[in-house]
Amino acid sequence: MWSSDRHGAPRLWIVLVSILLAFATGETRAELLIATARDGAVEALSRDEAEQLYLGRRATLAARTPLLLLDLPPGESRDQFYRLLTGKNPSQIRAYWSRMVFTGRALPPKEAADASDARRLLLENPGAIGYLPSHYANDPSLRILLHLE
Amino acid sequence: MKNRLTALAIAAALHASPAAADIETATFSGFGTLGAVATQTDDLQFLRVGIEAPGSDTVKLGSDSVLGMQGNFRLGGSTEAVLQVLTRKTPKNNYTPRASLAFLSFAPAPEFTLRAGRLRVPAFMLSDSLDINYAHPWVRPPVEVYTLNPFADLDGIDLLYRTRIGDVDLELHPYFGRSRVDITESGRASLSRLRGLNLGLSRGSLTLHLGYSRARLDLRWGDAEFGVLQHALEALPEGRHILAEMQGNGASTSFTSAGFQWDDNRWQLIGEYAARRASGFVNSAHGWHLTVGRHIGPTTPYVRLARTRQDEPIVGDALSAGLPAVEAFNASRNASQRSIGAGLRWDAHTNAALKIELTRTHVDADGWGAFFPTGDIASTRVSDRKINTLSISIDVVF
């Protein structure tokens, strides 16, 4: 009897710590989303289309709106984005894009200064598509096209 | 043709709806390599046959060093212009820049891109990026395959059709045009009515390439040694027939290539086979290479094997028999060799890679491989030699 009481408190702690950890990992396991402006021209985007756009295999969508593809500066979010979407690591992506650019096949996405600059560019350009950390999911001025995890 | 296309492009630009505010109308970028290659023997130099002129040293900066600048210009809607100017050592022994890309592209639908102007001859899997060493694991694409077709510039038109079937990306790439290259001293060669079709498939980590083309070849050798040989042959009764095999107009040629690339973030595998057939002026030959690399942090060590073999000499055995000078001509234009190389790519910086490669090459008994005498041509043996080379390079993109 008393032994189970003695273990009750630690069990509670384990539960609490687990919940906290779940929140914490939820925050750091940077899920990413692809977004456009709420009133933007792009209404839907499939994962295939996103992959083709970010690999320079296509430059437009069916709607024919001039697209502005956005990138984040080199770093964790960008590396993770390409890993999630294309399965390629940072040096593979750089080599791949150098091939696409210097063969005249495609232009790389425009690099935003940071996530909030990317958000600004999304709002100012009706044809802009960009990826952002998941905490932008509830931003009322954005339309979320895809979740990546 | 070009003027009319330019006019069309300007008209398209004027009618285009204003693009989004932050879409740049002009983008500039560049790439470069500073490379050195050294042979372990004093009397031979490494030579990228058909790309550069022979020098007189065993350590060369001209084989791999290259600088390219590019501008992309949006002309509105789905029309774009690309200009790329490139400088590297040429067969004329200078560094005169040339336009390596100068085309207008028009995408009538997301799947189609139509291009006209100066394009690349897409003979190989990696033709498009032949000068962009940053895009490759090696110091340079293996010469056993990539020497088989020195024609780089396509003046003509092509079409890129891309589609996705299931989870496979497919690209069909038909092209048509002509091409010219200089040959050492005053020689030159041209391909006309060049037409070909490439098929590219990619799925996940795997990319496949298949290509086939045909063309008419006109060629004139222009080196002093050939002048002496030509003079001597003109005095022989059968000399005229031999000379007609060596140079002239209207040889028919075909080129085939097939390759694959695999990169799963741990292992990198690349292999390619290419073959050229020619009815005259150049030999018929085929080559292959196989590369295995392993990504370890920012480094990628690799090992590669490569082989090129002659199928038909320029002057057939029946005509060249008993004429050492003609056999020497055949040998000097036969790049047959086998090699094994071990190297390392180190992605030292976001936009720069350092590379080193050690290669051991065995030149075939009837060829010169990718080597050339540093001194007297007549008294230097090139055939049937084993040669070590060390290559070091820094590649950048900016």
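A note on names: the letters A, B, ... follow the listed sequences, proteins ahead of strands, and every chain is numbered from 1. Only heavy atoms go into these numbers, but all of them, side chains included; no hydrogens, no water, no symmetry mates.
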Less than 4.5 Å to any heavy atom of chain A: does that hold for the side chain of [X], its backbone, both, or neither?
X: B:F398; value: backbone
X: B:D169; value: side chain
X: B:T207; value: neither
X: B:E80; value: side chain
X: B:N72; value: side chain
X: B:L119; value: neither
X: B:T27; value: side chain

| query | Taking only residues two or more places apart in sequence or in another chain, which ones pass side chain to side chain donor-acceptor pair (under 3.5 Å) with B:T300? | reply |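 Result, side chain to side chain donor-acceptor pair (under 3.5 Å) vs B:T300: B:H295.
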| remark: In terms of heavy-atom pairs under 4.5 Å with chain B, the winner among A:R94, A:R58, A:Q52 is A:R94
| field | Among the listed options A:L121, A:V101, A:D48, the residue most often paired with chain B at heavy-atom distances under 4.5 Å | value | A:D48
| query | Is B:R120 positioned over the aromatic face of B:F151, cation under 6.0 angstrom from the ring centre and no more than 45 degrees off axis? | reply |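 Relative to the ring axis of B:F151, which defines the angle, B:R120 lies outside at least one limit.
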| message | Check whether B:F103 forms a cation-pi arrangement with B:R115 (NZ or CZ under 6.0 Å from the six-membered ring centre, at most 45° off the ring normal). | response |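 Verdict for B:F103: a cation-pi partner in B:R115.
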Is it true that the side chains of [X] and [Y] contain a donor and an acceptor less than 3.5 Å apart?
X: B:T33; Y: B:N133; value: yes
X: A:S141; Y: A:R119; value: yes
X: B:R294; Y: B:T299; value: no

| field | Residue A:L55 versus chain B: region with a heavy atom under 4.5 Å | value |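 Neither the backbone nor the side chain of A:L55 comes within 4.5 Å of chain B.
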| query | What's the verdict on salt bridge (charged side-chain N to carboxylate O under 4.0 Å, His left out) for A:K88 and A:E51, showing C-alpha distance, side-chain angles and the deciding distance? | reply | CA-CA 11 Å; A:K88 293 183 196 292; A:E51 187 179 343; over 6 Å; no
| Minimum-distance pair of heavy atoms, taken over all atoms of A:L32 and A:S77 | CD1-O, 3.7 Å
| task | With a 4.5 Å cut-off on heavy-atom pairs, point out which of B:D263, B:V397, B:L130, B:D264 contacts chain A the most. | result |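 Highest number of heavy-atom pairs under 4.5 Å: B:D263.
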